[in-house]
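Taking it in order: structure first as C-alpha cells, then the write-up.
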Amino acid sequence: MSTLAVIGGGPAGLMATEVARAAGVEVDLYDAKGSVGRKFLIAGKGGLNLTHSEPMPAFARRYREREQEVAGWLRDFDADALRAWARGLGVDTFIGSSGRVFPTDLKAAPLLRGWVRRLHAQGVRFHMQHRWLGWCEDGALRFATPGGERQVRADAVVLALGGGSWPQLGSDGAWQDVLRERDVDIAPLQPSNCGFDIGWSPHFTERHAGAPLKPVVAHWRDATGREHRLQGECVATATGIEGSLVYALSADLRDTIARDGSALLHLDLAPGRELARLRDALAKPRLHRSLGEHLRRQTGLSGAKSSLLHEVLDRTAMENPDTLAATIKRLPLLLQRPRPVAEAISSAGGVRLEALDAALMLEPIAGRLPAGIFCAGEMLDWEAPTGGYLLTACFASGRLAGESAAAWLARNAPR
Ligand SMILES: Cc1cc2nc3c(=O)[nH]c(=O)nc-3n(C[C@H](O)[C@H](O)[C@H](O)COP(=O)(O)OP(=O)(O)OC[C@H]3O[C@@H](n4cnc5c(N)ncnc54)[C@H](O)[C@@H]3O)c2cc1C
C-alpha cells in the first residue's frame with residue numbers, strides 16, 4: 001500500500017490529510033509541535049473568521065496578483081463548501097454584519113477537536129514532535145524527534161508548513177532553507193496583515209500606546225498610484241499603528257515602503273464632519289480655554305486623536321483654524337517600515353506558484369527534487385487581507401494538494 005506523508009498539521013495539512021485518506025491512501029501526519037492546529041486555535045481567540053460571504057469574482061480579487069490561481073483552488077472548495085464542511089463536523093456558521101462568516105459559538109477548539117477525532121477514526125497516523133529537517137541522500141524524510149533523528153520513507157509528500165508569522169505556534173519558515181537548497185523558487189517571506197512603525201514622540205507613546213483610533217478613514221495610494229479610501233478602526237502602538245483597518249491596507253503600504261523607502265498614509269480623524277464646518281467651529285473664539293479644550297468642544301476630538309495632531313503640527317499651526325481643520329480631515333502619517341513578520345497575522349511570499357503545476361506538485365528538478373511533492377497553505381506565495389480569506393485559501397489549497405497527491409499515487413506508486 002502506498003503512503004503519503006503530510007508534514008504540517010495546520011488547516012491546509014489537515015485538509016490534505018482528510019481528502020487523501022478519503023481516497024483510500026495511508027496517511028502519516030507529522031508536526032513539529034506537540035499538537036496540531038495551534039495557529040487555528042489562536043485564530044479562534046478572535047472569533048474564528050472562517051470565510052467570507054462575498055460572491056465569487058469579488059472574493060477572488062482579494063488574492064491580488066494571485067487572483068486567478070487561487071480562484072482555481074476555490075472552484076472545488078469555496079466559502080459555501082467550507083461552511084457545509086464545518087456543518088458536517090457539527091459546527092454551524094453565521095454571517096456577521098460585515099459579511100464575515102464565523103462558527104456560531106465563535107470558537108475554533110470544538111471544530112478542531114471534532115476534526116482530529118474524525119481523522120483518528122479514519123485511520124490517520126499522527127506523529128507529533130516530529131520536526132521535518134529535509135531529505136536524506138536516499139530520498140527518505142528526516143525528522144528531529146525527542147528520541148533523536150528519525151528517517152521515514154513515503155511515496156508522496158504534502159508540505160503544509162505555514163508561513164512565518166507567530167513562529168511560536170510552529171510555522172517558523174525554517175523550511176525555506178531546506179527547499180532553497182533543492183533549488184525550489186521561493187519569494188522571501190514578508191509581513192502581511194501587519195502593523196507599521198511611524199516613530200511617535202516619547203510623550204505620545206507614553207500616553208497613548210494601545211489607544212484605539214475609531215472611527216477613522218484611511219486614504220492611501222496603491223502601487224499604480226490610484227488613491228483609495230476605507231473607513232475602519234486602528235490602534236496606536238508604542239511605535240506606530242496596527243489594527244484591522246491598517247491590516248487591510250498593509251500589502252499596498254508594505255510594497256510602497258519597499259519601493260520608495262516610506263509610505264504616506266492619511267487619516268481622517270473626524271469622518272462625517274465636513275471640512276468647512278470644522279474650520280468654522282475651530283475659528284470660534286477660544287476665550288480663556290486651553291487649545292485642547294477648544295478642540296474637544298468644537299470637534300469632539302480628544303485623547304489620542306487630539307495628540308496625533310500635535311505629532312504633526314507645531315504650536316503656530318495648531319492655532320490656525322484652516323491648517324488644523326485640514327489636518328483633522330487628512331492627518332499625514334509617514335510609515336517607516338512594517339513590523340516584523342513574526343508579529344504579523346500572516347505572511348506574504350513563499351513557494352512561488354510557478355514552481356508548482358496546477359495540481360500543486362512541485363516541478364521535479366533532476367537530481368535535486370523528485371516528483372510527488374505537493375505544497376499547500378500559507379507557505380505558498382499568495383496573500384490576502386483578514387476577513388476569512390486566509391483560512392479559505394489554506395483549506396482549498398490543502399484539499400487540492402491532498403486530492404492531487406492521492407491521484408498521483410494511484411498513477412505512480414506501488415499498491
Ligand atoms: C492571531 C492570528 C489570528 C488569525 N485569525 C484568522 C482568522 O480569523 N481568519 C483567517 O482566515 N485567518 C486567520 N489567521 C491566519 C490563519 O490562521 C493562517 O493563515 C492559517 O493557519 C495557515 O494555515 P496553514 O495550514 O498554511 O499553516 P499553519 O496553520 O501555520 O500550520 C503549519 C503547521 O506546520 C507545522 N510545521 C512548521 N514547520 C514544520 C517542520 N519543519 N516540521 C514539522 N512541522 C512543521 C507547524 O507546527 C504548524 O502546525 C490568523 C492568524 C493569526 C496569527
Side-chain angles (χ1 to χ4, degrees), residues 5-17 28-52 59 62-63 79 82 96 98 100-103 106-108 111-112 116 126-134 141-145 150 152 157-179 189 191-194 242 244 247 341-348 350-351 360 375-399 401-402:
V6 175
I7 312 179
L14 292 171
M15 190 55 95
T17 299
D28 290 282
L29 176 74
Y30 300 90
D31 199 287
K33 291 291 189 182
S35 59
V36 295
R38 295 197 173 191
K39 196 175 277 186
F40 187 66
L41 285 176
I42 291 293
K45 294 233 153 109
L48 192 64
N49 182 192
L50 261 185
T51 186
H52 202 286
F59 194 114
R62 303 293 177 172
Y63 300 94
L82 177 45
S98 59
R100 296 175 180 220
V101 175
F102 303 89
L106 298 171
K107 289 183 183 149
L111 183 61
L112 184 64
V116 169
F126 283 70
H127 309 271
M128 297 299 97
Q129 294 185 287
H130 277 60
R131 161 171 289 283
W132 180 59
L133 302 173
L141 297 162
R142 294 175 56 215
F143 291 96
T145 78
R150 211 184 135 196
V152 170
V157 179
V158 173
L159 299 175
L161 301 161
S165 78
W166 289 51
Q168 65 275 28
L169 302 177
S171 45
D172 58 9
W175 52 265
Q176 292 175 91
D177 289 342
V178 180
L179 292 186
L189 294 184
S192 183
N193 295 299
C194 57
E242 63 176 22
S244 56
Y247 298 160
V341 66
E343 293 177 21
I345 295 293
S346 60
S347 53
V351 176
L360 297 183
C375 296
E378 204 180 305
M379 71 179 293
L380 296 176
D381 180 21
W382 56 273
E383 68 178 309
T386 56
Y389 305 103
L390 296 165
L391 281 174
T392 308
C394 289
F395 281 119
S397 60
R399 198 171 176 89

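From a predicted model like this one, the values you see are computed outputs, not experimental measurements. Remember, it's 1-based here, ligands and their atoms both numbered in the order they're listed.
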task: Applying side chain to side chain contact (heavy atoms under 4.5 Å, CB included), run through N49 and T386 and close with a yes or a no.
output: CA-CA 8 Å; N49 182 192; T386 56; 5.6 Å; no
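- Side-chain atoms of W166 come within 3.5 Å of backbone atoms of A344 as a donor-acceptor pair (strictly under, hydrogens ignored).
- Among protein heavy atoms, the minimum distance from atom 51 (C) of ligand 1 is reached at I345 O, 3.3 Å.
- Every atom of ligand 1 with a heavy atom of A160 under 4.0 Å away is listed here by number and element: 32 (C), 33 (C), 34 (O).
- At a 4.0 Å heavy-atom cut-off, ligand 1 touches H130 through the backbone alone.
- Counting atoms of ligand 1 from 1 in the listed order, those under 4.0 Å from a heavy atom of K33 are 47 (O).
- Considering every non-hydrogen atom in both F59 and A79, the closest pair reads CE1-CB, 4.1 Å.
- Proximity of a side-chain donor or acceptor of S397 to a complementary backbone N or O of G377 within less than 3.5 Å is detected.
- A donor-acceptor contact shorter than 3.5 Å is absent between the side chain of K45 and the backbone of A108.
- Close N/O approach between S165 and ligand 1 is not found [any backbone or side-chain N/O within under 3.5 Å].
- Contacts of A12 with ligand 1, taken as heavy-atom pairs under 4.0 Å, involve both backbone and side chain.
- Comparing L41, T392, I42 by heavy-atom distance to atom 1 (C) of ligand 1, the nearest is I42.
- For the pair R131 and ligand 1, a heavy-atom separation below 4.0 Å is found.
- Looking at P11 next to ligand 1, an N or O pair under 3.5 Å apart turns up.
- For the pair L391 and ligand 1, the shortest N or O to N or O distance falls below 3.5 Å.
- Here the CG-CG distance, from L360 to L159, works out to 11.5 Å after rounding to the nearest 0.5 Å.
- Contact annotation for A174 and ligand 1: no heavy atom of the residue comes within less than 4.0 Å of the ligand.
- Between the D31 side chain and the G9 main chain, a donor and an acceptor come within less than 3.5 Å of each other.
- Between atom 30 (O) of ligand 1 and the options A384, S171, A376, the minimum heavy-atom separation is to S171.
- Checking R38, E378, E343, M379 against atom 18 (C) of ligand 1, the nearest heavy atom belongs to E378.
- Considering backbone and side-chain atoms together, A32 places an N or O closer than 3.5 Å to an N or O of ligand 1.
- Judged by the shortest distance from any of its heavy atoms, G9 lies inside the 4.0 Å radius around the atoms of ligand 1.
- Ligand 1 lies nowhere less than 4.0 angstrom from a heavy atom belonging to G46.
- Short contacts between ligand 1 and G388, defined as distances under 4.0 Å to a heavy atom of the residue, involve ligand atoms 11 (O).
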task: Might you work through the side chain to side chain contact (heavy atoms under 4.5 Å, CB included) test for D28 and V152, ending with a clear yes or no?
output: CA-CA 10 Å; D28 290 282; V152 170; over 6 Å; no
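- Contacts of W166 with ligand 1, taken as heavy-atom pairs under 4.0 Å, involve the side chain alone.
- At least one donor-acceptor pair under 3.5 Å links the side chain of W175 to the backbone N or O of G162.
- Not a single heavy atom of W175 sits under 4.0 Å from any atom of ligand 1.
- Those atoms of ligand 1 that come under 4.0 Å of a heavy atom in G10, given as number and element, are 25 (O), 29 (O), 31 (O), 33 (C).
- Checking side-chain atoms of S192 against main-chain N and O of S346 turns up no donor-acceptor pair under 3.5 Å.
- When only interatomic distances are considered, the shortest N/O to N/O separation between N49 and ligand 1 falls below 3.5 Å.
- Within the 4.0 Å heavy-atom criterion, neither part of V36 lies near ligand 1.
- Of all atoms in ligand 1, numbered sequentially from 1 with element shown, those under 4.0 Å from a heavy atom of I7 are 43 (C).
- Heavy-atom proximity to G170, at under 4.0 Å, picks out these atoms of ligand 1: 36 (N), 37 (C), 38 (N), 46 (C), 47 (O).
- Within ligand 1, the atoms closer than 4.0 Å to a non-hydrogen atom of G162 are 26 (O), 27 (O), 30 (O), 32 (C), numbered from 1 in the order shown.
- With N193 contributing its side chain and A384 its backbone, the two residues share a donor-acceptor pair below 3.5 Å.
- Ligand-side atoms of ligand 1 in range of G377: 26 (O), range being under 4.0 angstrom from any heavy atom.
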